[in-house]
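Order of the sequence lines sets the chain letters (A, B, ...), proteins ahead of strands, with each chain counted from 1.
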There are 2 protein chains.
Amino acid sequence: MSLELTPVQAVACCSPLTREPVSEEVAEQVSVMLKALGDPVRLRLMSLVASHQGGEACVCDLNDAFELSQPTISHHLKVLHEAGLLEREKRGVWAYYRARTEVLANLAAVIGGSER
Amino acid sequence: MSLELTPVQAVACCSPLTREPVSEEVAEQVSVMLKALGDPVRLRLMSLVASHQGGEACVCDLNDAFELSQPTISHHLKVLHEAGLLEREKRGVWAYYRARTEVLANLAAVIGGSER
DNA sequence: TGTAAATATTGATGCGTGTCTATGTCTCTG
DNA sequence: CAGAGACATAGACACGCATCAATATTTACA
């Protein structure tokens, strides 16, 4: 375990924005997640995956939903993955991404939560 | 009223990410808000204002919390204001920013909500 | 009226990032 | 083993953006 916080850890441990000022370190990590969602294409990708059957979707389906090149979609999925918002699993030739709904819930709690 | 959605309207009317795919238009507007929060300095600013006495804070106090120039802080506050996350009120020489907690709550519901 | 203080605006600069084409890697199948 | 298909990576480019110094604007007060 490192002293460096990951976005997933940061979002799981801190109080809501509105309760007390977030530390510099937490802000740094949480903003990684928000920045990842702060792009229209990535937000739609996240929503497509999260709302899909079983909370997961195949890249092949995602590519067709946009008029963007395949590498661009791949890039955006990587950003979401590295932010801790998507899990990735390769099955055969296909890659499946799964939404980490508990992370989304934690993020939501930090943004708008009143509890904790 | 315009046909164009504002970020505040978009975040108030749509279902959670995980329920159904967000439309292109909603994604465009919601991502404005997320992008605004997707910067460490702005996230801390938002938290400072929201967690402050009465949900509002004076710019003079905010400037002191960062080792950044006054115009830079002013710029970030403007971004948060234009995203619909902060309200602004001038009283005398001082400017006060107030967190729109209901907007934050709506945003949180879109991100991690399961209801609606 | 004139000066000082608080905040916003402007313009410049360097770095970050969204997008593309080209190419690599891996897996299945004939 | 060879070819095809799915996805990722690399490199390039144009645009966006965080930051600053300088300046404008507004308000209070002497």
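Going from atom NZ of A/K78 over to atom P of D/dA10 covers 7 Å, rounded to whole Å. If you take CD of B/E82 and P of C/dT9, they are 9 Å apart, rounded to a whole angstrom. In this entry the distance linking CH2 of B/W94 with P of C/dA5 reads 12 Å, nearest Å. As a whole-Å value, the separation of A/N63 CG from D/dG5 P is 15 Å. Rounding to whole angstrom units, CG of residue B/L62 and P of C/dA6 are separated by 14 Å.
By the neighbour-count criterion of 12 heavy atoms within 6.0 Å, atom CD of A/E24 is sparsely surrounded, having that number or fewer from other residues, nucleotides or ligands.
Among the heavy atoms of the strands, none lies under 4.0 Å from A/Y96. A/Y97 comes within 4.0 angstrom of the backbone, heavy atoms only, and of no base.
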Working for side-chain contact (heavy atoms from CB on, under 4.5 Å), residues A/H81 and A/L77: CA-CA 6 Å; A/H81 174 62; A/L77 289 170; over 6 Å; no
side-chain contact (heavy atoms from CB on, under 4.5 Å) evaluation trace for B/L43 with A/L17: CA-CA 8 Å; B/L43 192 60; A/L17 280 193; 4.0 Å; yes
Pair A/Q29-A/V11, side-chain contact (heavy atoms from CB on, under 4.5 Å): steps then yes or no: CA-CA 8 Å; A/Q29 296 307 313; A/V11 95; over 6 Å; no
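The CD atom of B/E89 sits 14.0 Å away from the CH2 atom of B/W94 when rounded to the nearest 0.5 Å.
A/S47 places a side-chain N or O within 3.5 Å of a backbone atom of B/E20 that can act as its donor or acceptor partner. Remark: side-chain polar atoms of B/R88 are not paired, donor with acceptor, to backbone N or O of B/K78 under 3.5 angstrom.
Of the candidates B/L34, B/D39, B/I111, B/L34 is the only one forming a side-chain contact (heavy atoms from CB on, under 4.5 Å) with A/L34.
Of all the residues in residues 43-59 of chain B, B/C58, B/V59 reach under 4.0 Å from DNA chain C with at least one non-hydrogen atom.
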Heavy-atom protein contacts under 4.0 Å, nucleotides 18-30 of chain C, coded B base, S sugar-phosphate only, - none: SBBBB----SS--
